[in-house]
2 protein chains.
Amino acid sequence: MNSPTKKTTRIQAANQQKILEAALDMFSQFGYRGTTIDQIAAKAGMSKANLLYYFRRKNDVYLAVLESILDQWLEPLARLDQDKDPEQELRAYIETKLRLSQQNPRASRLFANEIMQGAPMIQPFLSNQLKELVELKCEVIQHWIDNGKLQPVKPMHLIFMIWASTQHYADFATQIQALTTDTDDKLYKDASQTLSSIVLRGVLVD
Amino acid sequence: MNSPTKKTTRIQAANQQKILEAALDMFSQFGYRGTTIDQIAAKAGMSKANLLYYFRRKNDVYLAVLESILDQWLEPLARLDQDKDPEQELRAYIETKLRLSQQNPRASRLFANEIMQGAPMIQPFLSNQLKELVELKCEVIQHWIDNGKLQPVKPMHLIFMIWASTQHYADFATQIQALTTDTDDKLYKDASQTLSSIVLRGVLVD
DNA sequence: GTCTATAGAATGATAGAC
DNA sequence: GTCTATCATTCTATAGAC
């Protein structure tokens, strides 16, 4: 690992990281076709030709960035546990998803861009891993419903609602910034409280 | 209006419509930078040069498409009426927004694309018209809260939640298609019921 | 590993014939 | 109003010097 001959490997790793970081910046804002290699290279502080030494084609960069975020995408939903209390579980899920939106809004936007363009790269991921996981977690929610712990709602639409409402704070950050003067921290704290409160108890007064 | 000299005007109007329709198709999927004039022209059934006779630059086409959808964007929220029953009003708002998503998903995606790219064209719209309207409607919701008709939630975050949850069915249609085999009609019917039910009463059993 | 140079294709936009 | 031809620019990607 630390032999002199591997010194270049560490440089490569560092440069690849710089490229992936810059690529996430550009792809998340302009999508695949709206981003140029030049922009990525400039943001990563190297020449276009040098970037192409590390990734032979633009598509390879895009795939590498996508792969680096797909895992963290599945993980929070995967944690939903049928044997725990649904109120605690849903509250924790909402909080985790919101925290992800706050800490890595670019990943959320990159994902949204890819989906809105028809998911040309991750269609298999959606139809396989994601579908499998969602079906599994719909059963968890259905189990809570069958045991009288939750109202009889359509589980998949509950999941969609939580996805949409939490990712909104990352994907539409520009719009939200234009509508409020709240600090980021207050914004996310209010979002967490309001979201959990509405999902769990609704807005109506009994 | 019907004089022979205006015959060309009707042709112009028809061609402009064809261009706007094709442009909505492309811009909503690939964003501004990801769309080429060639693609729009091909989809509109004319040559690139001919398209540029009607709109001198790509940017003019984009602005025309954006303008054509901004009104329909504000209208449903503008209808929220402080003097009516909040349950009926919120239910109607959710249904209207969902119907818009179903009937014009491209408009929703175009708007989302513009926002995610930093709203370069409609920043003034967000900071002026939209902000004004949202502040007004937050007061309506706050009025309902003050009168004990709604739980004390943050009004703006309730609006964000409804926006996000309803637009999700348009913006993330590709993902949803990959996760379910429901027909479009069943999907939106379930969405409407689940969304209204959760927003109004939550998922918890009393 | 990094740079310059450049091939080759795509793109936005214009000019001018019909 | 529509088309062909064309230009300037930008972009992906490669070759080769250092």
Side-chain angles (χ1 to χ4, degrees), chain A residues 2-66 113-114 117 120-121, chain B residues 2-66 113-114 117 120-121:
Chain A
N2 290 318
S3 67
T5 56
K6 292 287 180 62
K7 212 161 195 171
T8 54
T9 300
R10 286 204 301 278
I11 293 175
Q12 281 185 343
N15 275 339
Q16 282 189 9
Q17 259 323 109
K18 278 203 293 187
I19 293 170
L20 290 181
E21 168 71 17
L24 175 57
D25 237 63
M26 303 311 298
F27 284 135
S28 66
Q29 191 175 357
F30 298 112
Y32 178 74
R33 300 181 49 172
T35 299
T36 67
I37 298 181
D38 242 355
Q39 294 171 336
I40 301 174
K43 192 148 272 205
M46 64 182 75
S47 70
K48 177 169 62 171
N50 195 10
L51 184 153
L52 286 169
Y53 167 76
Y54 289 99
F55 295 90
R56 276 182 54 91
R57 24 188 85 259
K58 180 181 172 181
N59 206 272
D60 294 346
V61 185
Y62 186 68
L63 282 176
V65 179
L66 261 182
N113 250 311
E114 166 72 8
Q117 288 173 27
M121 302 292 171
Chain B
N2 291 318
S3 68
T5 56
K6 293 285 179 62
K7 211 161 194 171
T8 53
T9 300
R10 286 203 303 278
I11 292 175
Q12 281 185 343
N15 274 339
Q16 281 189 9
Q17 258 323 108
K18 279 203 294 187
I19 293 170
L20 290 181
E21 167 71 18
L24 175 56
D25 236 64
M26 303 310 298
F27 283 135
S28 65
Q29 191 175 357
F30 299 112
Y32 179 74
R33 301 180 49 172
T35 298
T36 70
I37 299 181
D38 243 355
Q39 293 170 339
I40 300 174
K43 190 147 275 204
M46 64 183 73
S47 68
K48 177 169 65 170
N50 196 10
L51 184 153
L52 286 169
Y53 167 77
Y54 289 98
F55 295 90
R56 276 182 54 90
R57 25 187 85 260
K58 179 180 173 180
N59 206 271
D60 295 345
V61 187
Y62 186 68
L63 281 176
V65 179
L66 260 183
N113 250 312
E114 167 72 8
Q117 288 173 27
M121 303 291 172

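As the structure is a computational prediction, the values presented were derived from the model and not from experiment. Residue numbering restarts at 1 for every chain, and letters A, B, ... go by the order of the sequence lines. Both backbone and side-chain heavy atoms feed into the values below; hydrogens, waters and symmetry mates do not.
Remark: C1' of D:dT14 and CG of A:Asn50 are 15 Å apart, rounded to the nearest angstrom. Separating the OH atom of B:Tyr53 from the C1' atom of C:dG16 is a distance of 15 Å, rounded to the nearest angstrom. Going from atom CZ of A:Arg10 over to atom C1' of C:dG1 covers 16 Å, rounded to whole Å. As a whole-Å value, the separation of A:Phe55 CZ from D:dT14 P is 15 Å. As rounded to whole Å, 11 Å separates atom P of D:dA13 from atom CD1 of A:Ile40. For the pair A:Arg56 CZ and D:dC11 C1', the interatomic distance rounds to 17 Å; values are reported in whole Å. Atom CE in A:Met26 sits roughly 11 Å away from atom P in D:dT12 (whole-Å rounding).
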Is there a side-chain contact (heavy atoms from CB on, under 4.5 Å) between B:Leu20 and B:Leu24 once you walk through the steps? CA-CA 6 Å; B:Leu20 290 181; B:Leu24 175 56; over 6 Å; no

List the atom pairs, donor and acceptor, that lie under 3.5 Å between side-chain atoms in residues 43-56 of chain A and the rest of the protein, sequence neighbours left out.
residue	atom	partner	partner atom	Å
A:Lys43	NZ	A:Asp25	OD2	3.2
A:Ser47	OG	A:Asn50	N	3.0
A:Tyr54	OH	A:Asn15	ND2	2.7

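Closest to the side chain of B:Ala49, out of C:dA15, D:dT2, D:dT14, is C:dA15.
Here the side chains of B:Thr36 and B:Ile40 are not in contact, with every heavy-atom distance at 4.5 Å or above.
Look at A:Ser47 and you'll find a side-chain N or O under 4.0 angstrom from OP1 or OP2 of C:dC3.
Taken from CD in A:Gln39 to CD in A:Gln29, the straight-line distance is 9.0 Å, to the nearest 0.5 Å.
Side-chain atoms of A:Gln117 do not come within 3.5 Å of backbone N or O of A:Gly31 as any donor-acceptor pair.
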Between the protein and nucleotides 10-12 of chain C, which nitrogen or oxygen pairs are less than 3.5 angstrom apart?
residue	atom	partner	partner atom	Å
C:dG12	OP1	B:Lys58	NZ	3.1
C:dG12	OP2	B:Ile37	N	3.0
C:dG12	N7	B:Lys48	NZ	3.1

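Classified by interplanar angle (parallel below 30°, tilted 30° to 60°, perpendicular above 60°), the ring pair B:Phe27/B:Tyr32 is parallel.
A:Tyr54 comes within contact range of the sugar-phosphate backbone alone, with a heavy-atom separation under 4.0 Å but no base atom that close.
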